[in-house]
Amino acid sequence: MTNSTPLPLEAGLTELARAIVDTESVSGNETALADKVETTLRAAGHLEVIRDGDTVIARTHLDRAERVILAGHLDTVPVAGNLPSCVQVVDGQERLIGRGACDMKGGVAVFLALACALETPRHDLTWIFYDHEEVDASLNSLTRLARERPELLEADFAILGEPSNGGVEAGCKGTMRVRLTARGVAAHSGRAWIGKNAIHGLAGALTRLAEYEPKDVEIDGLVYRECLNAVAIDGGIATNVIPDRAEILVNYRFAPNVTENEALAHVKHVFAGLDLEFEVTDSSGGALPGLTRPAARDFLAALGNDVSVEAKQGWTDVARFSALGTPAVNFGPGDPLLAHTDGEFIPTVALTQCYESLERFLR
């Protein structure tokens, strides 16, 4: 148990979020913030608090019919002259400006305040404040928990506090990256006929990518738009040498009802018959929206008809919950387009709006 100073819950959401932002927690340096979060949660007597590395889990045990997870990451990308934070009024809007304000310490502040305030929620709740989200997936503590303590991630519904402008982004697409390599024979570029140009060997793959027509897949009334694109290309060692190796890195974003094996089979089909080496460099399945589940329906009803509900066109950690059979959505304060920018900010009113929306659902 840590003896760290608790975070200022009584000061209101803006000051709470500011204190969280000002506790620098670039990936790999989350300990100080995790200590403060743990101390704050342990002061709430209605929660079981578990510390696992720099991840803090808090749970209720009220024998409710359903359990809901609310998860938010503590880490940020590196600081870029945007700490300490400040509060400014810009065009009539009060903003908390600083690294992580949007992604996603504003959401962490909302979750922490609700965790401490809700003693008798309508569902049993698991709050997860986790580390290493902004770096390689192998370091993400949800990966470790899923492997070593999967019971902590068991629930009927999950909410990931990623910034979503106060709307709901349900599920997420899967992602797969494949390296296609062409081999050739090196030669002097003035005598090209004695070599074989590996860059030219990529022409067939590039043509197929240019002509590829992705699918739109509808699930629970939401449309996930698949994508297959070259995202990097490399080859050649000098301007007077015919290259003997060239490669394309291809990224396939696939609908969440497609398994990773099915995605792999599809990519292989697209490039079938080409004289290319094929290597999967990374792959993560998507997450089904699960909006027909009772807890999900209750969540949408609590938010009201004015809240937008869209398919998440990227990949987020909701996929980790989906892999365990838990439908999940992204819902948090802040504009996702501001994430990782040097001028990252969150409107302070967004904190209150998110808090009130979640409180309606959870009470």
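Quick caveat, the model's predicted, so the values are computed rather than measured.
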Linking I/L/V/M/F/W/Y whenever their side-chain heavy atoms sit closer than 4.5 Å, directly or via other members, would [X] and [Y] fall into one cluster?
X    : Y    : result
L300 : I159 : yes
V241 : I233 : no
Y224 : V318 : no
I69  : L114 : no
L160 : V108 : no

Inter-residue atom distance [X].[atom1] - [Y].[atom2], 0.5 Å rounding:
X    : Y    : atom1 : atom2 : answer
I57  : E48  : CD1   : CD    : 9.0 Å
L351 : T14  : CG    : OG1   : 5.5 Å
M176 : L264 : CE    : CG    : 5.0 Å
L125 : R64  : CG    : CZ    : 9.0 Å
L303 : E356 : CG    : CD    : 12.5 Å

Is the side chain of [X] donor-acceptor paired with the backbone N or O of [Y] at a distance under 3.5 Å, no angle test?
X    : Y    : value
S308 : G167 : no
S164 : G332 : yes
R42  : A44  : no
H46  : L118 : yes
T23  : A19  : yes
N330 : E169 : yes
E262 : T259 : yes
S4   : T39  : no
E38  : K36  : no
Q313 : V223 : yes

I'd like to check [X] versus [Y] (side-chain heavy atoms, cut-off strictly below 4.5 Å). Are they in contact?
X    : Y    : result
I20  : L74  : no
L291 : V329 : yes
D131 : R144 : yes
Y130 : D317 : yes
L153 : I128 : yes

What do you reckon, is [atom1] of [X] surrounded by more than 12 foreign heavy atoms closer than 6.0 Å?
X    : atom1 : value
L62  : CG    : yes
E151 : CD    : yes
D216 : CG    : yes
R360 : CZ    : yes

Any idea how F299 and F331 line up, ring-wise: parallel (<30°), tilted (30 to 60°), or perpendicular (>60°)?
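Rings of F299 and F331: perpendicular, as their planes differ by over 60°.
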Going by the angle between their ring planes, with limits at 30° and 60°, are F129 and W127 parallel, tilted or perpendicular?
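Parallel.
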Less than 3.5 Å apart, any donor N or O on the side chain of [X] or [Y] sitting next to an acceptor on the other?
X    : Y    : result
D220 : T292 : no
N240 : S189 : no
T316 : E162 : no
S138 : D136 : yes

Less than 4.0 Å between a side-chain N and a carboxylate O, is that true for [Y] and [X]?
X    : Y    : value
R183 : E277 : yes
R67  : D156 : no
R245 : D234 : yes

Name the one of P289, C172, P256 that satisfies side chain to side chain contact (heavy atoms under 4.5 Å, CB included) with K312?
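In the set P289, C172, P256, the residue that makes a side chain to side chain contact (heavy atoms under 4.5 Å, CB included) with K312 is C172.
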Taking only residues two or more places apart in sequence or in another chain, which ones pass salt bridge (charged side-chain N to carboxylate O under 4.0 Å, His left out) with E133?
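So E133 forms no salt bridge (charged side-chain N to carboxylate O under 4.0 Å, His left out) with any residue.
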Could you pull out the closest heavy-atom pair between H132 and L139, with the gap in Å?
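Looking at all heavy atoms of both residues, the shortest contact is CB-O, 3.2 Å.
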Closest contact, heavy atoms only, L180 versus A205:
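Looking at all heavy atoms of both residues, the shortest contact is CD1-CB, 4.2 Å.
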Centroid-centroid under 6.0 Å between Y252 and H266 rings
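Between H266 and Y252, which both carry aromatic rings, the centre distance is below 6.0 Å.
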Tell me which pairs pass side-chain hydrogen bond (donor to acceptor under 3.5 Å, both in side chains) where either residue lies in residues 82-106, with sequence neighbours left out.
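Listed once each, the pairs are R18-S85, D22-S85, S25-K105, H73-D103, Q93-R95, E94-T348, R99-E344, D103-H340.
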